[in-house]
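Single-structure report; data block below.
Each ligand, and each atom within it, is numbered from 1 in the order the structure gives. FYI, side chains are in, hydrogens and waters are out, and symmetry mates aren't considered; it's all heavy atoms of this structure. Quick note: residue numbers are just sequence positions, from 1.
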Amino acid sequence: MSDTIEKIKCLIIGSGPAGYTAAIYAARANMNPVLYQGMQPGGQLTTTNEVENFPGYVDGVTGPEMMIQLQEQAKRFGADIRDGWATKVDFSGDIHKVWINDSIELHCETVIISTGASAKYLGLPSEQHYLNMGGGVSACAVCDGFFYRNQEVVIVGAGDSACEEAHYLSKLCKKVTMLVRSEKFRASKIMEARVRKTENIEILMNHDTVEVVGDNQVVHAIKALNKTTGEVIEIPATGFFVAIGHKPNTDIFKDYINLDETGYIINTPGTSNTNVAGVFVAGDAADHVYRQAITAAGTGCMAALDAERYLASKE
Ligand SMILES: Cc1cc2nc3c(=O)[nH]c(=O)nc-3n(C[C@H](O)[C@H](O)[C@H](O)COP(=O)(O)OP(=O)(O)OC[C@H]3O[C@@H](n4cnc5c(N)ncnc54)[C@H](O)[C@@H]3O)c2cc1C
């Protein structure tokens, strides 16, 4: 083994709530964690202005501010936070090899994967405009539904998550219009039945979203194409929720780590263990159910504790 290759006790890949929480715990356990931030330092929360459901922030906090605080907390205990992107791994041996930016090779005793997931969007220019403005487009009903209490919203999607989110919104909002792109739901029958029988959810089958309409600052309506009649309708709404799925950032691990059919890492239930000893997972990379900052942070804690116990068992 060359002397130029850095040896790391605990490598953390990703700088969202999961990665930083893992770094806090690992640093306080003297594991000298090294954390690579990736392309989105601070993770998904850096794209939102209002986080109101993370315990401890009585008046809420902006996503970027919260992530800077988590980073500072990790640094206070000595976590080594670095710029860089994991581009390749080799988990075939006892020492786990990770390459950063295709050039730096690291040899790690433990690895915590906290690379998160990215919400999928339709890709319409108007959708991206209001998403970037923070003016009424969201991919997370649990995170943002509260801001649309007693208002009318539109949600697009046809799977179980879309049904779950539509139902969640129906309890907060005056009316929820659900746009389903084809003639069939992809959701399970039970989830479909649940939205169908909810009074304030109107389902429009075979409708495509054409445009998110607003005053340049905030959303006022959604234009949708009825693919059966060819008619374009305008649905009044102050919020537009996109629930067409997430893509976990796990491609580089797929040759070694067991993933489910959508790319989420499969962990041993109740632990952060993956199928490779010494490699752990935390946060949205393994969670298609909850997808919240607090659950990501909770599993970040679990991953650091599991890594610490793994190292202790090898001594
Ligand atoms: C707009 C928006 C608003 C939200 N609002 C809320 C809210 O109000 N409350 C709430 O609880 N949740 C909210 N969420 C959800 C929350 O952001 C996520 O559940 C949480 O961030 C997941 O944390 P994570 O650490 O697993 O991953 P992420 O936050 O997704 O972070 C992943 C990290 O991994 C890094 N990464 C990825 N690939 C690599 C690689 N190959 N090498 C190195 N690094 C890599 C990225 O750069 C990033 O730093 C919101 C999400 C969005 C998109």
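Between Gln37 and ligand 1, at least one pair of N/O atoms sits closer than 3.5 Å. On a distance-only criterion, Ser15 and ligand 1 share at least one N/O pair closer than 3.5 Å. Remark: ligand 1 and Pro17 share an N or O pair separated by less than 3.5 Å (distance only, no angle test). Between Ile252 and ligand 1, a contact under 3.5 Å exists for no N or O pair.
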Notebook entry, point to check: Run the side-chain hydrogen bond (donor to acceptor under 3.5 Å, both in side chains) check on Asn101 and Ser103 step by step: do they pass?
Noted result: CA-CA 5 Å; Asn101 300 343; Ser103 55; 5.6 Å; no
Pair His288-Thr262, side chain to side chain contact (heavy atoms under 4.5 Å, CB included): steps then yes or no
CA-CA 9 Å; His288 57 89; Thr262 41; 5.7 Å; no
*Under the salt bridge (charged side-chain N to carboxylate O under 4.0 Å, His left out) criterion, do Glu6 and Arg82 qualify, and how do the steps go?*
CA-CA 14 Å; Glu6 188 180 3; Arg82 300 180 185 173; 2.8 Å; yes
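Judged by distance alone, the side chain of Asn132 and the main-chain N or O of Gln128 form a donor-acceptor pair under 3.5 Å. A donor-acceptor distance shorter than 3.5 angstrom exists from the side chain of Thr110 to the backbone of Lys9, with no hydrogens or angles considered. In terms of modelled atom types and a separation under 3.5 Å, the side chain of His129 and the main chain of Glu127 share no donor-acceptor contact. A distance-only check finds no donor-acceptor pair linking the side chain of Thr21 to the backbone of Ala18 [under 3.5 Å]. With Asp287 contributing its side chain and Gly116 its backbone, the two residues share no donor-acceptor pair below 3.5 Å. At least one donor-acceptor pair under 3.5 Å links the side chain of Arg149 to the backbone N or O of Phe146. Between the side chain of Thr299 and the backbone N or O of Gly283 there is at least one donor-acceptor pair closer than 3.5 Å.
Relative orientation of the His96 and Phe91 rings is perpendicular, given thresholds of 30° and 60° on the angle between their planes.
Residue Thr48 touches ligand 1 through its side chain alone, judged by heavy-atom distances below 4.0 Å.
Among protein heavy atoms, the minimum distance from atom 51 (C) of ligand 1 is reached at Gln44 OE1, 3.7 Å. Looking at atom 31 (O) of ligand 1, its nearest protein heavy atom turns out to be Gly43 CA, 3.4 Å. The single protein non-hydrogen atom nearest to atom 18 (C) of ligand 1 is Asp284 OD2, 3.3 Å, given as residue, atom name and distance. Ranking protein heavy atoms by distance to atom 27 (O) of ligand 1, first place goes to Gly116 CA, 3.4 Å. When hydrogens are left out, the protein atom nearest atom 10 (C) of ligand 1 is Gln292 OE1, 3.3 Å; that is the closest non-hydrogen contact. Nearest protein heavy-atom contact of atom 15 (C) of ligand 1 is Arg291 O, 3.6 Å. The single protein non-hydrogen atom nearest to atom 41 (N) of ligand 1 is Ala86 O, 3.0 Å, given as residue, atom name and distance. At the shortest separation from atom 11 (O) of ligand 1 among protein heavy atoms lies Ala293 N, 2.8 Å.
Proximity annotation for atom 49 (O) of ligand 1: of Met66, Lys88, Gln40, Gln40 comes nearest, heavy atoms only. Compare Leu45, Asn53, Thr47, Val51 by their heavy atoms: the one nearest to atom 9 (N) of ligand 1 is in Asn53.
With ligand atoms numbered from 1 in the order given, ligand 1 contributes 33 (C), 34 (O), 35 (C), 44 (N) to contacts under 4.0 Å with heavy atoms of Gly14. Listed by atom number, the atoms of ligand 1 under 4.0 Å from Ile13 heavy atoms are 40 (C), 42 (N), 43 (C), 44 (N). When each atom of ligand 1 is checked for a heavy atom of Cys143 under 4.0 Å away, the hits are 4 (C), 5 (N), 6 (C), 7 (C), 8 (O), 12 (N), 13 (C), 14 (N), 50 (C). Listed by number with element, the atoms of ligand 1 under 4.0 Å from a non-hydrogen atom of Gly38 are 43 (C), 44 (N), 45 (C), 47 (O). Below 4.0 Å from some heavy atom of Ala18 lie the following atoms of ligand 1, by number and element: 25 (O), 26 (O). For ligand 1, the atoms sitting less than 4.0 Å from at least one non-hydrogen atom of Glu50 are 8 (O), numbered in the order shown with element in parentheses. Near Gly283, meaning under 4.0 Å from any of its heavy atoms, are these atoms of ligand 1: 26 (O). Taking every non-hydrogen atom of Ser114 and a distance limit under 4.0 Å, the qualifying atoms of ligand 1 come out as 32 (C), 33 (C), 34 (O).
Every residue two or more places apart in sequence or in another chain was checked for a side chain to side chain donor-acceptor pair (under 3.5 Å) with Glu109, and none qualifies.
Ligand 1 does not have Ala119 within reach: every non-hydrogen atom of the residue lies 4.0 Å or more from it. For the pair Trp85 and ligand 1, a heavy-atom separation below 4.0 Å is found.
Screening Gln151, Glu202, Glu199, Glu152 for a side-chain hydrogen bond (donor to acceptor under 3.5 Å, both in side chains) involving Lys175 leaves a single residue, Glu202. When the options Thr229, Asn226, Thr228 are evaluated for a side-chain hydrogen bond (donor to acceptor under 3.5 Å, both in side chains) with Asn206, the one that passes is Thr228.
Residue pairs meeting the disulfide bond (SG atoms under 2.5 Å apart) criterion with at least one partner in residues 129-169, sequence neighbours excluded, are Cys140-Cys143.
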